[in-house]
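The chains referred to below are lettered A, B, ... by the order of the sequence lines, with proteins before strands, and numbering in each begins at 1.
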Protein chains: 2
Amino acid sequence: MASDASPAPTFTKPVTLREVASLAGVSVATASKALNGQGRMTAETRERIRETAQRLGFRPNSLAQSLLRRRSFTVGLLTNDTYGRFSLPVMSGISDALVDKGVSVFLCNVEDDQRLGQLHVDAMLDKRVDGIIATGKRIDRHLPVDLSNLGVPTIYAFTQPDPGAIAFVSDDAGGARLAVEHFWRLGRRRIAHVTGPASFAVVHARAQAYRDVLTEKGLPVMEPLLGSWSEAWGHEAVKKLFDGQLLDGKREKPDAVFCGNDQIARGVIDALRERGLGVPDDVGVIGFDNWQIVAEATRPPLTSVDMNLAALGREAGLTLLSLVGGEPAEPGIRKLPCRLVVRQSCGRPPDG
Amino acid sequence: MASDASPAPTFTKPVTLREVASLAGVSVATASKALNGQGRMTAETRERIRETAQRLGFRPNSLAQSLLRRRSFTVGLLTNDTYGRFSLPVMSGISDALVDKGVSVFLCNVEDDQRLGQLHVDAMLDKRVDGIIATGKRIDRHLPVDLSNLGVPTIYAFTQPDPGAIAFVSDDAGGARLAVEHFWRLGRRRIAHVTGPASFAVVHARAQAYRDVLTEKGLPVMEPLLGSWSEAWGHEAVKKLFDGQLLDGKREKPDAVFCGNDQIARGVIDALRERGLGVPDDVGVIGFDNWQIVAEATRPPLTSVDMNLAALGREAGLTLLSLVGGEPAEPGIRKLPCRLVVRQSCGRPPDG
DNA sequence: AAAGCTTGGGAAAAGGTTTTCTCAAAGGGA
DNA sequence: TCCCTTTGAGAAAACCTTTTCCCAAGCTTT
């Protein structure tokens, strides 16, 4: 119900510097300098202008400033991650890094639609963004837009960059090492890997790191099980792992499963429970992504590799800013480290 | 690795109307009119100017246009939903509604931080947004900012509005009716309700609608079970429902559970399975939110109430635009209908 | 042929701010 | 008293586009 006590909203014109100046009895030039701490004038004059501006609620028109400075204090953020599971932390990091510098972010969801992508990029360019950050849901796919010769600095964060560009991505191999080495430290020796489809680059990166660590440690390497990113696949994989005879010769069942994402891990844990296998007592499980809402709802709560996406976003934002400021930056792909978030699905270290 | 074939990126100054005009041998006034289809001139002149602009890749500077038109074709979107589960669909709807009109969206995540909120609002105002949309993760909580006298039109979408404002929210009672009535049509008669904490307004709205429908149909009403929004609570609630004697006198167990969100529903379904109760054969389950990734991963896939958040966002966006255009709009709260997304957790209607 | 209309196009102001010059007055030194 | 320096502040250009008004030339009408 509408409150009839509230007045009709009135959208008054913002007050301009000219008005401030005239009320303070000075020229706009002097007013501008007073408010920006520039120029020379008596302390009283400066204070009087300040006070007038304050009283009138003066806010400099950012459009006019931008026009003059050829800098809009605005960046565009392109994403195709409609659901935002990966993009949101990245965005949040970017925004964090920029808000303090007075830079605002245009969010543009381009889905996987070329037309939409072009529309957004054109709008951003028209609005004279100082730079562009591209992010996405997959590290190994391009957004459906060409960002190569836009005339503004561009950074890629968690998406496939154009050659010669600057990109920030997660260190998936490092993350996988973290997981497998954690198992190893806990005394687990028969470590399996259940992951997503072969079409994802990260699947191979993580799988290779998994193999590498096992080899380094002298542990038996079993071929990673590739499937989909779903709980259902986690279930199915447990069947394959524990019914088959996968550990060459030994026929021993895994005592640890490193999963390609948290959903798979969840499926694995549920399937293990249904078989009467305890987590973490009989089998340890580690997920990937540290999707909090899943990891914490899992029973037991899931230890998982976190890609530090917010930090990644922050780095991307800061780097873009330095680029905008004219500082040079080496092109190339920077891999940012993951971290392991330990919950209860692996058990405790022997001498924790 | 950096490709050494790619040239160092060069950020050239955008071409201005003046350059176009001078190359076409006309004044800027004429050039402007030519490109905007205004004014009078020979067809050749117009074409020559168009062609020159095209060749130079001229894009009118939106900042200059905005300054003149006192309209930035920009709106601010405030949210405190860091995780984006509710905000993202809303945002996506808003963006959809606006992008075709050339309006871009500043995304501002204010968490629950007053300072951050003020920072973002100030930045938006400085950048002369045409309007503001506030959205959040809870329909019954304010954002940590005061948006009441900003001087620009403001719309609330899926968050608690200030009095006298315009707001769009989901019709939770209607959504609950949809669920309970669906159970009824399927022949379920002992319908329970497991939902979130009493501190949420939607909990009461949905619970009341649940009671209303049961009363209308002459079915036994059991008091809704209030708890948390978690899977764990879903588990626990099943215990209470199926161990206790909740249906007054009859001691009959529920044959349907309407859950306050999809996570609770998931917990309920898992707990039922662990008790040897089949879903949907023995008990039907309906969730709320239609959180696709959860609803589809549940076994069986979960029937759930969808709040149509994208549509809500679209409405909010369009309404803001009409407000910006100066059209009047009635203040008040508009409830938008939910819809039921039927999957497999309720069974089929008797005469499908 | 004079007066009026149409046509094609330009000059200038406006939008709000910043910055570089410029200048008058005041003060200081000789 | 005269010249030079410092101080305080204003004028104007610049950023880029749009729009209103204006003007000159050519044409029509009487």
Side-chain angles (χ1 to χ4, degrees), chain A residues 12-50 52-53 56-74 102 123 125-130 151, chain B residues 11-50 52-53 56-74 102 123 125-130 151-152:
Chain A
T12 56
K13 273 182 58 182
V15 18
T16 70
L17 185 61
R18 188 202 309 272
E19 303 175 55
V20 174
S22 109
L23 246 83
V26 295
S27 70
V28 286
T30 306
S32 170
K33 283 179 284 198
L35 297 175
N36 293 314
Q38 307 287 323
R40 285 180 316 199
M41 66 200 70
T42 54
E44 300 112 278
T45 307
R46 196 181 292 275
E47 192 43 46
R48 174 162 41 93
I49 297 172
R50 283 226 169 105
T52 310
L56 266 49
F58 169 73
R59 316 184 67 85
N61 186 327
S62 186
L63 265 39
Q65 293 179 320
S66 298
L67 191 56
L68 202 54
R69 294 185 172 144
R70 288 197 201 71
R71 180 109 153 53
S72 64
F73 289 88
T74 282
L125 258 24
D126 284 347
K127 288 184 175 120
R128 293 301 191 268
V129 292
D130 296 331
Chain B
F11 305 132
T12 57
K13 275 183 52 181
V15 16
T16 70
L17 187 60
R18 188 203 309 273
E19 303 175 57
V20 174
S22 108
L23 247 84
V26 294
S27 70
V28 285
T30 307
S32 171
K33 285 181 281 199
L35 298 177
N36 293 313
Q38 307 287 322
R40 285 178 319 200
M41 68 199 68
T42 54
E44 298 111 278
T45 307
R46 195 180 294 273
E47 191 44 46
R48 175 163 40 92
I49 297 173
R50 283 226 169 104
T52 310
L56 264 51
F58 168 74
R59 315 185 68 87
N61 185 328
S62 187
L63 265 39
Q65 293 179 323
S66 298
L67 191 57
L68 205 52
R69 294 184 173 143
R70 289 199 200 69
R71 177 111 156 55
S72 64
F73 289 88
T74 282
L125 258 24
D126 284 347
K127 290 190 172 114
R128 295 300 193 267
V129 292
D130 296 330
V152 293

Any side-chain heavy-atom pair of [X] and [Y] under 4.5 Å:
X: A:Val26; Y: A:Arg48; value: yes
X: A:Ser32; Y: A:Leu17; value: yes
X: A:Ser66; Y: A:Arg128; value: no
X: B:Arg59; Y: A:Leu125; value: yes

With B:Thr52 via side chain to side chain donor-acceptor pair (under 3.5 Å) - residues at least two apart =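 Partners of B:Thr52 under the side chain to side chain donor-acceptor pair (under 3.5 Å) test: none.
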Open item on the list: Looking at every heavy atom in both A:Phe58 and A:Val15, which two are closest together, and how far apart are they?
Closed with: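 Closest pair (atom of A:Phe58, atom of A:Val15, distance): CD1-O, 3.4 Å.
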field: Contact boundaries on DNA chain C for chain A, cut-off under 4.0 Å to non-hydrogen atoms
entry: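 Contacts span C:dG16 to C:dT20, reading 5' to 3'.
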**Prompt:** Near A:Arg71 CZ, under 6.0 Å, is it more than 12 heavy atoms from other residues, nucleotides or ligands?
**Reply:** yes
Scoring nucleotides 15-24 of chain D by protein non-hydrogen atoms under 4.0 Å (B base, S sugar-phosphate only, - none) yields BBBBBB----
Worksheet item: Just checking A:Ser66: base, sugar-phosphate only, or nothing, at a heavy-atom cut-off of under 4.0 Å?
Response: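 No contact.
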Quick one: does A:Lys127's side chain have a donor or acceptor within less than 3.5 Å of a partner on B:Phe73's backbone?
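Flag set: sc A:Lys127 to bb B:Phe73 pair under 3.5 Å.
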